[in-house]
2 protein chains.
Amino acid sequence: MTTQPPTADTDEDTEVERLNADVCNVVGSVEKIGSKWKLIVLNDLRDGEKRFNELKRSTGASSYTLSRVLDDLEEEGFLENRKEFESPVASYYALTEKGSTLCPVFDALDEWGENWLE
Amino acid sequence: MTTQPPTADTDEDTEVERLNADVCNVVGSVEKIGSKWKLIVLNDLRDGEKRFNELKRSTGASSYTLSRVLDDLEEEGFLENRKEFESPVASYYALTEKGSTLCPVFDALDEWGENWLE
DNA sequence: CGGCATCCTTGGAGATACTG
DNA sequence: CAGTATCTCCAAGGATGCCG
């Protein structure tokens, strides 16, 4: 095995998730992509591809957290990673097709926020 | 292209703040109503008002958790509480106007989940 | 530059028992 | 029935250091 940071979980909470997903997949969706950092990162990538440290700065996430979030999102097919092994290594992240399907969700959140935040 | 990849950012002071503003609505919205239980409860109330134990059952939250979530949501104006101090006390919760404004968000999540969950 | 590994703190949330 | 009071546990995440 490699590492098993916090990401390593046996999913026993799938039970609860399933219960709620039965009712409506709103909750399922949120469980899937509703975590704070996932949303921040995904939303940040709507503008186009960004590099690791760029995301780090713009999102405010620690490299540790960002790294894990990016891994998760890539693994789930929401974004893809392109590396350039040139002079200083460059690593670009961008939304995939699937990642882009979330735009309506972001739009809804964005619009809601516009009217109801602060 | 041998040397340095495009470093688009010059001064990070303004950049960070601008990006934070960019992200603000979506992230702000999520921070506001994006927690698992809040969403579960709010979504559960789209059908109409429910009582405490009803919600407890349908959401699967512990009474402690549910209680706090309800408090939060009421305090933030997403739902309202109606009590009947009759025989056995009855307490009904229902979405407010503000709470209903979240429906587009739920719809977006719902539709996304329909296409992309599992 | 990208990004793991490690340590450590926090609060979110379950279980349980109790009260009006 | 509708909550409140505790106790406890664990995953999320910040800080930091190191390494290719």
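Fair warning: this is a prediction, and the values are worked out from it, not measured in the lab. Every chain is numbered from 1, with letters handed out A, B, ... down the list of sequences.
Under 4.0 angstrom from either OP1 or OP2 of D:dG13 there lies at least one side-chain N or O belonging to A:Trp37. Contact between the side-chain N/O atoms of B:Ser62 and the OP1/OP2 oxygens of C:dA15 is not found at any separation under 4.0 Å.
Side chain B:Ser91 to base D:dC1: no donor-acceptor pair is found below 3.5 Å. Counting atom types as modelled, B:Ser63 pairs a side-chain N or O with a base atom of D:dT4 as donor and acceptor under 3.5 Å.
To the nearest angstrom, C1' of C:dG2 lies 10 Å from CG of A:Asn81. Here the C1' atom of nucleotide D:dA2 and the CD atom of B:Glu84 are 13 Å apart, to the nearest Å. A straight line from NZ of B:Lys36 to P of C:dA13 spans 7 Å, rounded to a whole angstrom. As a whole-Å value, the separation of A:Glu74 CD from C:dC4 C1' is 15 Å. Atoms CG (A:Leu70) and C1' (D:dG13) sit 15 Å apart, rounded to a whole Å. Here the C1' atom of nucleotide C:dC1 and the CZ atom of A:Arg82 are 15 Å apart, to the nearest Å. Between the CG atom of A:Leu66 and the C1' atom of D:dA15 there is a distance of 15 Å, rounded to whole Å. At whole-Å resolution of the value, NZ in A:Lys38 and P in D:dA11 are 15 Å apart.
Side-chain proximity of B:Tyr64 to the nucleotides D:dG13, C:dC1, D:dA5 is greatest for D:dA5. Nearest nucleotide to the A:Lys83 side chain, out of C:dG14, C:dG2, C:dA5: C:dG2.
Using a 4.0 Å cut-off between charged nitrogen and carboxylate oxygen, B:Glu76 and B:Lys38 count as a salt-bridge pair. A salt bridge links B:Glu84 to B:Arg82: at least one charged side-chain nitrogen sits closer than 4.0 Å to a carboxylate oxygen. At a threshold of 4.0 Å, the pair A:Arg46-A:Asp107 counts as salt-bridged, since one of the basic side-chain nitrogens sits closer than that to a carboxylate oxygen.
Across all strands shown, B:Tyr93 has heavy atoms under 4.0 Å from sugar-phosphate atoms exclusively, and none from any base. Counting non-hydrogen atoms under 4.0 angstrom, A:Asp71 reaches the backbone sugars and phosphates but no base.
Under the 6.0 Å distance and 45° angle rule, B:Lys50 does not count as a cation-pi partner of B:Tyr93.
We find the CZ-CG distance between B:Arg51 and B:Asn81 to be 11.5 Å, quoted to the nearest 0.5 Å.
With no hydrogens or angles considered, no side-chain donor-acceptor pair links B:Thr59 and B:Trp37 at under 3.5 Å.
Among the candidates A:Asp44, A:Asn53, A:Asp47, the single residue satisfying the side chain to side chain donor-acceptor pair (under 3.5 Å) test with A:Ser58 is A:Asp44.
Listed by residue number, B:Arg51, B:Phe52, B:Asn53 are the residues of residues 50-57 of chain B with a heavy-atom contact under 4.0 Å to DNA chain D.
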